[in-house]
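This chain uses plain numbering: 1 for the first residue, then up along the sequence.
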Amino acid sequence: MNSTLIIILILLFVAVAALILTNIRIVPQSKAFVIERLGAYSTTWETGLHVKIPFIERVAKTVSLKEQVVDFKPQPVITKDNVTMQIDTVVFFQITDPKLYCYGVESPISAIENLSATTLRNIIGDLELDSTLTSRDTINAKIRVILDEATDPWGIKVNRVELKNIIPPREIQDAMEKQMKAERERRARILDAEGEKRSQILVAEGLKESAILKADAVKEQKIREAQGEAEAIMTVQKANADALKMLNEAAPTDKIIQLKSLEAFAKAADGQATKIIIPSDIQGLAGSVTAIKEIWQDKK
């Protein structure tokens, strides 16, 4: 009997140990366990070691606290100018309250999808096609604010919303492609025109520099000619001054002076002047002739 009791005690110990071990839970990083006690919410287990009460408590839901990404399928929307197009969105969200996430709404992801589609239609309905294509950042910001506010009671925080694709009707796509092609051709023509303009500017600058160099050369030549003429005049004047100085130093007689006067008068008469002014002192001129005659005789 003692052996039977021992076996029963051993089996009982093993059963208790197994029961305890099966109710020990380790919550990993970035996870949370929502615990229910007798069918009602009890607590939320965070990262670490936990033990639940057997048969009374249970893990109702395991919630990931990481940021999650949901890519929703394209939704048909109509712009203000009555253009129907397909837009698909990508929502980045994070669970901040596991309890609200479990009990706040049925199928939270489906609720977010429907809410984002409704919000997108409302926002795009106030915009025309061109504004829709060029205002992605504004649309993303508006949708994020509305979704974040709406999902706050569900324990969800919407971090970011992105419009993944905006697909207009085929005929509008063709028109946009033609417009883009025309724009590329226009830019190519502008580049060609700018290149031609730059080339003409370079040619004009080259001609301008060439003209400046030629003008500088002509200017330099004229300056050198003027300097040469000035030096020649200075040389002649210096020679005349030296001659007068030598003549003064030689103390010429009146006859010599009269002879020089006649020589100067003779040179003036041989020139190209059309008028010759005859000295009023005729007697002096006659005396000069007599002086010349006497000098000639003396030389003989």
Distance, nearest 0.5 Å, that separates [atom1] of [X] from [atom2] of [Y]:
| X | Y | atom1 | atom2 | answer |
| --- | --- | --- | --- | --- |
| Lys142 | Leu127 | NZ | CG | 6.0 Å |
| Glu209 | Leu213 | CD | CG | 7.0 Å |
| Glu229 | Glu231 | CD | CD | 11.0 Å |
| Lys73 | Lys164 | NZ | NZ | 14.5 Å |
| Ile166 | Thr79 | CD1 | OG1 | 11.0 Å |
| Ile95 | Leu100 | CD1 | CG | 11.0 Å |

Whether the side chain of [X] engages the backbone of [Y] through a donor-acceptor N/O pair (distance < 3.5 Å, no angle test) should be reported.
| X | Y | value |
| --- | --- | --- |
| Ser199 | Gly195 | no |
| Thr151 | Ile156 | yes |
| Asp88 | Asn165 | yes |
| Arg136 | Leu163 | yes |
| Asn82 | Ile78 | no |

Are the charged groups of Arg170 and Asp174 less than 4.0 angstrom apart, N to O? yes
Thinking salt bridges, do Lys208 and Glu205 make one under a 4.0 Å N-O criterion? no
Considering the options Ile146, Ile139, Val161, which one meets the side chain to side chain contact (heavy atoms under 4.5 Å, CB included) requirement together with Leu120? Ile139
Hydrophobic cluster identity match, [X] and [Y], side-chain contacts under 4.5 Å:
| X | Y | value |
| --- | --- | --- |
| Phe13 | Ile6 | no |
| Ile109 | Val91 | yes |
| Leu65 | Ile35 | no |
| Val90 | Ile123 | no |
| Val83 | Ile167 | no |

Heavy atoms from other residues, nucleotides or ligands near CD of Gln68 exceed 12 (cutoff 6.0 Å): yes
Tell me if the CD atom of Gln179 is crowded by more than 12 foreign heavy atoms within 6.0 Å. no
[X] versus [Y]: any side-chain heavy-atom pair under 4.5 Å?
| X | Y | answer |
| --- | --- | --- |
| Met85 | Thr132 | yes |
| Tyr101 | Val34 | no |
| Val105 | Pro153 | no |
| Glu162 | Asn140 | yes |
| Ser116 | Leu147 | yes |
| Glu113 | Val70 | no |

How would you list all residue pairs meeting side-chain hydrogen bond (donor to acceptor under 3.5 Å, both in side chains) that involve residues 218-228, not counting sequence neighbours?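 Every pair satisfying side-chain hydrogen bond (donor to acceptor under 3.5 Å, both in side chains) with a residue in residues 218-228: Glu220-Arg224, Gln221-Glu225.
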Selection residues 29-45 - residue pairs positive for side-chain hydrogen bond (donor to acceptor under 3.5 Å, both in side chains), sequence neighbours left out: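 Of all non-adjacent pairs touching residues 29-45, those that pass side-chain hydrogen bond (donor to acceptor under 3.5 Å, both in side chains) are Glu36-Arg58, Glu36-Tyr103, Arg37-Glu57, Tyr41-Thr44.
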To check you understand the geometry: which heavy-atom pair defines the closest contact between Val27 and Glu46, and what is its length? CB-O, 3.1 Å
Salt bridge (Lys or Arg N to Asp or Glu O under 4.0 Å) for Lys197 and Glu194? Distances and angles first, verdict last. CA-CA 5 Å; Lys197 177 182 176 182; Glu194 290 180 351; over 6 Å; no
